[in-house]
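Here is the structure we will look at, set down as structure tokens.
Throughout, protein chains are lettered first and strands after them, A, B, ... in sequence-line order, and every chain is numbered starting at 1. Computed from a predicted model, the values in this text were never measured in an experiment.
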Amino acid sequence: MRIDYRIEHPVALSASFEVEGFTVLLGASGEGKTLLLRAIAGLLPAHGEPFDGMPPQQRAVGYLPQGHALFPHLNAWQNVAFALRGARRRDEAIEWLERVGLAELAERRPAQLSGGQQQRVALARALARRPQLLLLDEPTSALDPATRDDVLAELIAEVHAAGIPALAVSHDPALAAVADRLVLMHDRRIVQTGTPAQVHAQPASGAVARLLGLRNVFRGRIAGAEGAQHLLWPEAGVSLPVHTTLADGSNVDWHIAPEAVVLHGAGTTLADAIAVSVELRQTGAQGRQLGLRCGQARLWAALPSDDAAAALRVSLPPAAIRCWAA
Amino acid sequence: MIDALRPRLTTFAAVLALLLLAAPFAGLVVATDWRHLGFAHGDAGAVAVSLGLSLVALLLIALLGTPLAWWLARHRVRGQWLIDALLLLALLTPPLAMGLLLATMYGPYGPAGQVLERAGLLLTNSAPAFVMAQFYAALPYYVLAARAAFEGVPRELEQIALTLGHSPARSFFHVSLPLARLGLAAAVALAWVRALGEFGVVLIVAYYPQGIPVKLWVNLQDVGLQAVYPLLWVFFLVALPLPLALGLAVRRRLA
């Protein structure tokens with residue numbers, strides 16, 4: 001489904017992109033992502049397709065706002081039945097709750113449900129409306145980190161099972177990672193679209209790299225002509241050899257993957273190695289990383305084994321540095 | 001030391017306030033001649049007038065005041081301060097002055113009064129005049145309390161109801177009204193107390209039919225204090241149950 005919307009107020013914003021399967025619109029806070037969802041749902045004056053000019057009650061959208069907005073005075077099945085008409089409302093509502101695995105909690109009030117359960121009730125309610133498009137605002141924000149991935153997997157499985165295109169807006173790279181399609185927004189414009197694999201392989205800019213949650217995205221400036229270039233890194237007060245096609249004096253955003261940072265012991269004799277101090281050690285499910293202080297900058301480096309933990313110098317291989325004109 | 005005293009000071013202040021509140025009623029208990037509790041002629045009629053017409057006024061206040069309160073809670077218009085000023089004016093105007101203003105507007109020589117009289121609605125010394133007086137006395141209190149109740153309903157829930165295919169009217173009846181019900185109950189209780197106890201406005205535009213507050217005044221003038229107290233006890237008896245029950249229901253819900 002093609003989304004093409006223009007908002008004038010309270011902020012000027014226009015967005016045009018395709019929603020396929022579970023699509024995530026990734027953008028920083030304050031970009032107007034929620035406004036876009038509200039505009040599509042008809043809750044904000046705006047123009048665009050689909051549903052142009054229709055009042056909200058006639059738009060076939062299932063809108064799940066942040067915090068789920070369940071009616072506190074109704075229990076779970078009554079919340080779902082709110083989207084239904086006719087004598088069989090209760091039975092149909094229970095069937096929708098069964099689909100999201102919550103039929104046994106049908107009599108519970110929203111306050112008696114966990115964040116993930118509330119989200120599933122809200123999803124059942126939105127689906128019961130039989131929408132042509134699902135709109136989800138920051139669906140991971142209210143979830144417990146311990147169960148988040150499971151709740152997310154169930155949510156996406158249910159969206160796929162329903163066969164309805166879904167647009168989720170978020171600033172959470174973890175949500176972006178599980179999308180069928182990614183749309184990236186920066187400075188209130190769509191800056192890149194594609195599958196997560198495509199976008200991760202070729203981020204269009206430093207802003208996109210930051211949105212994707214990449215570590216080690218810095219600002220810098222290119223010095224020297226092609227073939228003998230250096231990257232000036234003012235935060236760290238160092239200059240690094242790089243290979244780019246950018247002109248002398250170009251301001252850039254640049255990135256190096258933590259895994260590409262080469263750690264050396266204190267006794268290294270390499271001339272271009274940068275002195276660093278270890279600021280923190282991070283050990284998690286994703287592996288081990290070191291937070292290194294380089295002047296004013298923090299550089300992350302993957303830690304292959306325990307014995308390199310005392311590294312005092314690093315080098316950044318030119319081939320691993322990616323630069324974007326800023 | 002000071003910290004230890006603080007709870008005691010609070011308790012002392014609270015008890016003092018309660019005692020001050022209770023003092024006049026304690027006086028009433030003592031002053032009432034319980035052995036010769038007699039009613040003046042027309043007291044029963046005054047009770048019927050007060051109860052019956054106050055209920056009509058309360059119904060009108062709820063019917064007209066609720067949409068206004070919701071509209072004020074949900075819309076910001078240019079010149080909003082004028083509406084706020086109007087509500088405050090209605091609250092501020094001394095009851096006697098409000099009665100005079102109503103008489104000027106709706107009385108036999110008033111512009112609206114003449115038109116309405118031709119249509120068969122007499123708004124001086126009549127049951128409709130009595131209801132009008134109570135309506136004006138209590139409406140601003142109801143609107144302010146009900147507006148606060150509607151402001152407490154998350155707007156997002158009303159909007160979600162729209163996205164689920166409900167019209168704004170259905171959204172109002174199925175979401176706004178049930179979620180504001182505790183505050184609305186308090187508003188109804190407040191309006192009832194204000195309407196039933198109103199004296200100044202009623203005295204000017206509806207000396208007849210006599211409700212309890214005016215009859216208390218008449219009894220005082222014609223008979224004396226001993227004719228006031230029995231009717232006052234009856235007044236408490238009929239006026240208190242509705243706001244008390246509403247207040248208790250609200251507190252139970254909040255607990």
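With a 4.5 Å cut-off on non-hydrogen atoms, B:Leu179 touches chain A through its side chain but not through its backbone. At a 4.5 Å heavy-atom cutoff, the contact between A:Leu70 and chain B is made by backbone atoms alone. With a 4.5 Å cut-off on non-hydrogen atoms, A:Gln78 does not touch chain B at all.
No side-chain heavy atom of B:Leu162 sits less than 4.5 Å from a side-chain heavy atom of A:Tyr63.
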Audit row: A:Arg125, B:Ile160, side-chain contact (heavy atoms from CB on, under 4.5 Å) steps and yes/no: CA-CA 10 Å; A:Arg125 183 178 66 176; B:Ile160 283 293; 3.4 Å; yes
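Counted within 6.0 Å of NE2 on B:His75, heavy atoms from surrounding residues, nucleotides or ligands total more than 12; the atom is thus considered enclosed. Within a 6.0 Å radius of NE2 in A:His160, other residues, nucleotides and ligands contribute more than 12 heavy atoms. Around the CZ atom of B:Phe236, the shell of radius 6.0 Å holds more than 12 heavy atoms that belong to other residues, nucleotides or ligands. Around the CZ atom of A:Arg85, the shell of radius 6.0 Å holds more than 12 heavy atoms that belong to other residues, nucleotides or ligands.
Between the side chain of A:Arg129 and the backbone N or O of B:Thr163, at least one donor-acceptor pair lies under 3.5 Å.
The nearest pair of heavy atoms linking B:Glu156 to A:Ala69 is OE1-CB, 3.7 Å.
Rounding to the nearest 0.5 Å places CD of A:Gln57 at 12.0 Å from CD of B:Gln159.
Taking the six-membered ring wherever Trp is involved, the centroid distance between the rings of A:Phe82 and B:His166 falls below 6.0 Å.
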